[in-house]
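Below is one structure, written out as structure tokens; the observations come after it.
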Amino acid sequence: MNNLEQLINTIRILRSPEGCEWDRQQTHESIRQNMLEEAYEAVEAIDEKNISHLKEELGDVLLQVVLHAQIAKDNNEFDIEDIAKNLNDKLIHRHPHVFGDIKTNDTKKILENWEKLKAKEKKERKNILDGIPATLPSLLKALKISKKAARMGFEWQNYDQLKECFNSEIEEFKNAKTKEEKLEEFGDILFSLVNIARWSDIDPDKALEFANKKFIKRFNKLEELAKKPLNELTFNEYNKLWMEAKKLTNEE
């Protein structure tokens, strides 16, 4: 057996009566969170440009796929071969410029055709925005919604219009009276910021994570510089330490 076949067989044994009690008890629902966590860890390895870490984390993602496939096989639902066949058929169908008669190297046309073919496959979806995963983090979901709407022509004519929209959302937030109104208007601000990121070819999730890491680095430095407990610092002392920490971390 090759390595992939050995992995599939190992999972089969773990799920068998002679295998592991924990593995036998798992269901699609019980390991749902594992899939998310392993995917995020793989993305973290990509961001860190750590290839050995990425290899390990992709293995953990693959484990989730094979384990779900074995659970499904045990339930007489489907197996790993069904998954591979469906995926292979889909890839061939959605790449007619490679496997069919269409000839183009224009990535925009390739993506447009991908969406058209996908729509034909997903006939149960009645609306353009159907099919966006409900479990996506809100920031990524907003970007996906925005991209899909823009591909259908629902788009600003220029960047100035987008900035005007953002400024109007800020004003609406300022004028909000209740907590519920403020919650809604703040959401509109974030959504318009996602569109600004899209227009600027920036991944908003990656940008926010960069800001998170930068803040943690500076705050850790501030903590090192502080001569007394942080909860005893005045605003001015905090501000002075923050500016010093900012300067030192920028120099590192």
**Prompt:** Under 6.0 Å from the CD atom of Q157, do we count more than 12 heavy atoms belonging to anything else shown?
**Reply:** no
**Asked** Going by the salt bridge (Lys or Arg N to Asp or Glu O under 4.0 Å) test, which pairs reach into residues 83-107, not counting sequence neighbours?
**Response** K85-D89, R94-E121
**Asked** Atom NE2 in H28, atom CE in M35: separation rounded to 0.5 Å?
**Response** 10.0 Å
**Asked** Shared ILVMFWY cluster between I102 and L117, side chains joined below 4.5 angstrom?
**Response** no
**Request:** Report whether L7 and V65 are members of the same hydrophobic cluster (ILVMFWY, side-chain heavy atoms less than 4.5 Å apart, transitive linking).
**Result:** yes
**Complete:** Across all chains, not counting sequence neighbours, the ring pair (Phe, Tyr, Trp, His ring centres under 6.0 Å) partners of H93 are none
**Asked** Can you list every salt bridge (Lys or Arg N to Asp or Glu O under 4.0 Å) pair that touches residues 177-206, not counting sequence neighbours?
**Response** E155-R198
**Request:** Please report the closest heavy-atom contact between I31 and W22, naming both atoms and the distance.
**Result:** CG2-CH2, 4.3 Å
**Minimal non-hydrogen separation, N113 against P96, with atom names** = ND2-CG, 3.2 Å
**Request:** Quick one: which residue pairs count as a side-chain hydrogen bond (donor to acceptor under 3.5 Å, both in side chains) with a foot in residues 35-44, not counting sequence neighbours?
**Result:** none
**Item:** L63, CG: over 12 other non-hydrogen atoms inside 6.0 angstrom
**Value:** yes
**Request:** Please tell me if the side chains of L248 and L225 come closer than 4.5 Å, counting only heavy atoms from C-beta onward.
**Result:** yes
**Fill in**
Note: with side-chain heavy atoms under 4.5 Å as the link, the other cluster members for V61 come out as none
**Neighbour count >12 (heavy atoms, 6.0 Å) for atom CG, N105** = no
**Message:** What's the separation between atom CZ in F191 and atom OG in S138, rounded to the nearest 0.5 Å?
**Reply:** 11.5 Å
Pairs under 3.5 angstrom only: tabulate donor-acceptor contacts from the side chains of residues 207-221 to other protein residues two or more places apart or in another chain.
| unit_1 | atom_1 | unit_2 | atom_2 | d |
| --- | --- | --- | --- | --- |
| E209 | OE1 | N212 | ND2 | 3.4 |
| N212 | ND2 | L208 | O | 3.4 |
| R218 | NH2 | N250 | OD1 | 3.3 |
| N220 | ND2 | I216 | O | 3.3 |
| K221 | NZ | E224 | OE1 | 3.4 |
| K221 | NZ | E252 | OE2 | 3.1 |

If you look only at distance, which donor and acceptor atoms sit under 3.5 Å apart when one is on a side chain in residues 130-137 and the other is two or more places apart or in another chain?
| unit_1 | atom_1 | unit_2 | atom_2 | d |
| --- | --- | --- | --- | --- |
| D130 | OD2 | K126 | N | 3.0 |
| D130 | OD2 | N127 | N | 2.9 |

**Message:** Suppose we screen for ring pair (Phe, Tyr, Trp, His ring centres under 6.0 Å). Which residues come up paired with W199, at least two apart in sequence or across chains?
**Reply:** none
**Message:** Taking ring pair (Phe, Tyr, Trp, His ring centres under 6.0 Å) as the definition, give me every residue that meets it alongside F173, ordered by chain and number, with sequence neighbours left out.
**Reply:** F186
**Request:** State yes or no: do I71 and L4 share one hydrophobic cluster built from I, L, V, M, F, W and Y residues joined by side-chain heavy-atom distances below 4.5 Å, directly or via other members?
**Result:** yes
**Message:** Side chains of S192 and V194, heavy atoms from C-beta outward: is any pair under 4.5 Å?
**Reply:** no
**Request:** Answer with yes or no whether the hydrophobic clustering places L91 together with F99; edges join I, L, V, M, F, W, Y residues whose side-chain heavy atoms lie under 4.5 Å apart.
**Result:** no
**Message:** Test your reading of the model: is there a side-chain donor-acceptor pair from R15 to the backbone of Q70, 3.5 Å cut-off?
**Reply:** no
**Those residues that, when tested against E172, pass salt bridge (charged side-chain N to carboxylate O under 4.0 Å, His left out) (two or more places apart)** = none
**Prompt:** With sequence neighbours left out, which residue pairs that include part of residues 240-249 fulfil the salt bridge (Lys or Arg N to Asp or Glu O under 4.0 Å) condition?
**Reply:** none
**From N88 atom CG to E81 atom CD, the distance as rounded to the nearest 0.5 Å** = 11.0 Å
**Message:** Check for me, please, whether L143 and V43 land in the same ILVMFWY cluster - side-chain distances under 4.5 Å, paths through other members count.
**Reply:** no
**Prompt:** With the threshold set at 4.0 Å, does a side-chain nitrogen-carboxylate oxygen contact exist between E29 and R32?
**Reply:** no
**Message:** Taking Q6's backbone N and O only, do any of them form a donor-acceptor pair with T10's side chain (distance below 3.5 Å, no angle check)?
**Reply:** yes
**Message:** Can you confirm whether F166 sits close enough to N195 that some side-chain heavy atom of one is under 4.5 Å from a side-chain heavy atom of the other?
**Reply:** no
**Prompt:** Can you pull the salt bridge (Lys or Arg N to Asp or Glu O under 4.0 Å) pairs that have at least one residue in residues 159-168, sequence neighbours excluded?
**Reply:** D160-K163
